[in-house]
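Please read the structure below before turning to the comments.
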Amino acid sequence: MNAPRPITPAQPITVTQPHLPPLEEFLPLLQQVWDSRQLTNGGPFHARFEAALAQHLGVPHVSLFTNATIALVTALQSLRITGEVITTPYSFVATAHSLLWNGITPVFVDIDPVTLNLDPSQVEAAITPRTTAILPVHCYGTPCDTAALERIAADYDLKVIYDAAHAFGVQQDGRSVLVHGDLSVLSFHATKVFNTFEGGAIVSPDARRKQHIDHLKNFGFVNETTVVATGINGKMSEFNAALGLLQLQHVDAAIARRTAIAQRYRTLLATLPGIRLLDPPARANQNHGYFPILVGDEFGVARDALYQHLRRHDVLTRRYFHPLISDFPMYRGLPSADPARLPVARDASRRVLCLPIHPALSDADVDRIVTLMADARAALLLAA
Ligand code: T4K
């Protein structure tokens, strides 16, 4: 896992790399799929993975999906959300796209400067008679201020659907962060802490809601001849479910390695002025799916110049999340997308850089990345 890389790596260092189990562990499961010829539509691996996942996460009910985007679209359908939904501009574009796919108007609200999550103190002012729900994101796996958001939701009779795409395995105050709100949606995309190649899930608080969601993800069928809702095809295949079942055995070790990498970054980056790291969340663990830094003016080298410098040295960082969702063409005409109303999100989007983090990254890789950052700054100071 930790073999040193040559100083000039043959392969670029990417922001992430999927963690996979040894292929020989997966082949016997594939053999079972081949033998059974049950490839999808709720086969045995689907049932086993769903149960094992709920237990692993410590949540009551899970519905597996083909990906988080379809799961978000379905979650909104299942709660019959309409009108306007308050959400964050600082996320992956799928968060807001799930609203547009349901004919819902996103209302963007600024983020909290410490957590980079939706700022509850701004939510209330954005509520109108058309508001039906809040769609916050546990960005980078940092839990939202769930208590404040759910207080507002209760006061105004709004639903809360968490985009928990980044929050696999995150616990706060001794329980899963996924139990909050009406529904939570996970992603198991290749780039996530826990992957099934593609995949996702909805966490439901009760069996009835789960059953409704399970019908929705299967075209609305409840039996061979009865369709009770305008469902979609969101089903996870047996291939993905078998992989997920196996991945559960490896995910804790993968997160442990990510944690060690994050600690190493923290120690090394402390020597670089102007580089801000996010505070570890209060009373919660971290899965270290991302390692965001905010490049301050004091660093001297602007974020985009640093991004290019690292790129020239084959270190492919990502500017998650730049541009803001509210800057994309299908959103920027909305009144709530006005940049003047989103100063904190805009500043974060200008400064953020997600450094490479994944279990196969070596200590030498981390050292090299930080050295390259220091070099960029030193070169600038020398030229000044
Ligand atoms: N909500 C939130 C808050 C999300 O962040 C996301 C997804 C969603 C909802 C929707 O979830 P899904 O519907 O996808 O389940 C990536 C992912 O495609 C996307 O899933 C993720 N968020 C987003 C933050 O990042 P890109 O455009 O950065 O991916 P890409 O292909 O450039 O990959 C980044 C790096 O990862 C590559 O440089 C190399 C490495 N990589 C990637 C893939 C796909 C691999 O080594 N192997 C691979 O198979 O969007």
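Every number for a ligand or one of its atoms is a count from 1 in the order of the listing. The shown structure was predicted, so the numbers you read here are calculated from the model rather than taken from an experiment.
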Is ligand 1 under 4.0 Å from a heavy atom in the side chain of Thr95, in the backbone, in both, or in neither? side chain
Mark the output for Asp163 as yes if a heavy-atom distance to ligand 1 is under 4.0 Å, and as no if none is. yes
Inspect the contact between Arg264 and Asp365 and indicate whether a charged nitrogen and a carboxylate oxygen are less than 4.0 angstrom apart. no
Could you check which of His166, His97, His138, Arg319 puts a non-hydrogen atom nearest to atom 3 (C) of ligand 1? His166
A student checking ligand 1 against Ser91 at a 4.0 Å heavy-atom cut-off should list atoms 3 (C)
Atom 35 (C) of ligand 1: the protein heavy-atom neighbour that sits closest, reported with distance to 0.1 Å: Val15 CG1, 3.9 Å
Plane angle bin for Tyr290 and His166 - parallel if under 30°, tilted between 30 and 60°, otherwise perpendicular: tilted
Walk me through it: do Asn102 and Gln77 pass the test side chain to side chain donor-acceptor pair (under 3.5 Å)? CA-CA 7 Å; Asn102 278 293; Gln77 282 278 323; 2.7 Å; yes
So for ligand 1, is Gln17 a polar contact partner (N or O within less than 3.5 Å, distance only)? no
What part of Ala190, side chain, backbone, both or neither, has a heavy atom within less than 4.0 angstrom of ligand 1? side chain
Would the distance check show the side chain of Asn223 and the main-chain N or O of Thr225 forming a donor-acceptor pair, the cut-off being under 3.5 Å? yes
Can you find a side-chain donor-acceptor pair between Lys235 and Asn41 that sits under 3.5 Å? yes
Any sub-3.5 Å donor-acceptor pair from Arg175's side-chain atoms to Gln172's backbone N or O? no
Should the pair Asp347-Arg350 be classified as a salt bridge under the 4.0 Å nitrogen-to-oxygen rule? yes
Taking side-chain contact (heavy atoms from CB on, under 4.5 Å) as the criterion, tell me which of Pro143, Ser176, Pro281 meets it with Val170. Pro143
Under 4.0 Å from a heavy atom of Ala165: give me the atoms of ligand 1 that qualify, with their elements. 1 (N), 2 (C), 3 (C), 4 (C), 9 (C)
Output the list of atoms in ligand 1 that are nearer than 4.0 Å to some heavy atom of Tyr290, sorted by atom number. 24 (C)
Strictly under 4.0 Å, does any heavy atom of Gly200 approach an atom of ligand 1? no
Nearest-contact summary for atom 44 (C) of ligand 1 - protein heavy atom, Å: His189 CE1, 3.8 Å
Return the residue, atom name and 0.1 Å-rounded distance of the protein heavy atom closest to atom 45 (C) of ligand 1. Pro18 CD, 3.4 Å
Can you check which of Ile13, Val185, Thr14, Thr16 brings a heavy atom nearest to atom 41 (N) of ligand 1? Thr16
Of all protein heavy atoms, the one nearest atom 22 (N) of ligand 1 is Lys192 NZ, 2.8 Å
Give the single entry among Ala68, Ala71, Ala164, Ala96 that approaches atom 11 (O) of ligand 1 most closely by any heavy atom. Ala68
Out of Ala201, Pro356, Ser187, who is nearest to atom 12 (P) of ligand 1 when you count heavy atoms only? Ser187
Can you say whether the rings of Tyr162 and His180 are parallel (under 30°), tilted (30 to 60°) or perpendicular (over 60°)? perpendicular
Could you tell me which atoms of ligand 1, counted from 1 in the order shown, lie closer than 4.0 angstrom to a heavy atom of Ala94? 8 (C), 9 (C), 10 (C)
Test side chain to side chain donor-acceptor pair (under 3.5 Å) on His46 and Gln38 and set out the steps. CA-CA 10 Å; His46 186 281; Gln38 179 79 42; over 6 Å; no
Would you say Arg318 and ligand 1 have an N/O pair spaced under 3.5 Å apart? yes
Compute the minimum heavy-atom distance from Glu198 to ligand 1 and say whether it is under 4.0 Å. no
Should the ring pair Phe321 and Tyr140 be called parallel, tilted or perpendicular, given that the plane angle runs from 0 to 90° and is split at 30 and 60? parallel
Side chains of Tyr331 and His97: donor-acceptor distance under 3.5 Å anywhere? yes
Are any of the protein's heavy atoms under 4.0 angstrom from atom 31 (O) of ligand 1, yes or no? no
Could you pull out, from Phe321, Phe92, Tyr90, Tyr320, the option with a heavy atom nearest to atom 6 (C) of ligand 1? Phe92
As a test of understanding, state which of Asp338, Asp110, Asp327 forms a salt bridge (charged side-chain N to carboxylate O under 4.0 Å, His left out) with Arg346. Asp327
Only heavy atoms count here, so choose which of Ile325, Thr191, Ile70 is nearest to atom 33 (O) of ligand 1. Thr191
Nearest non-hydrogen contact with atom 13 (O) of ligand 1 belongs to which option: Thr88, Thr69, Thr196, Leu186? Thr69
Relative to each other, are the rings of Phe221 and Phe219 parallel, tilted or perpendicular (30° and 60° limits)? perpendicular
Gly199 near ligand 1 by a heavy-atom separation under 4.0 Å: yes
Any protein heavy atom lying closer than 4.0 Å to atom 37 (C) of ligand 1? no
Taking the side chain from Glu198 and the backbone from Asn67, do they hold a donor-acceptor pair closer than 3.5 Å? no
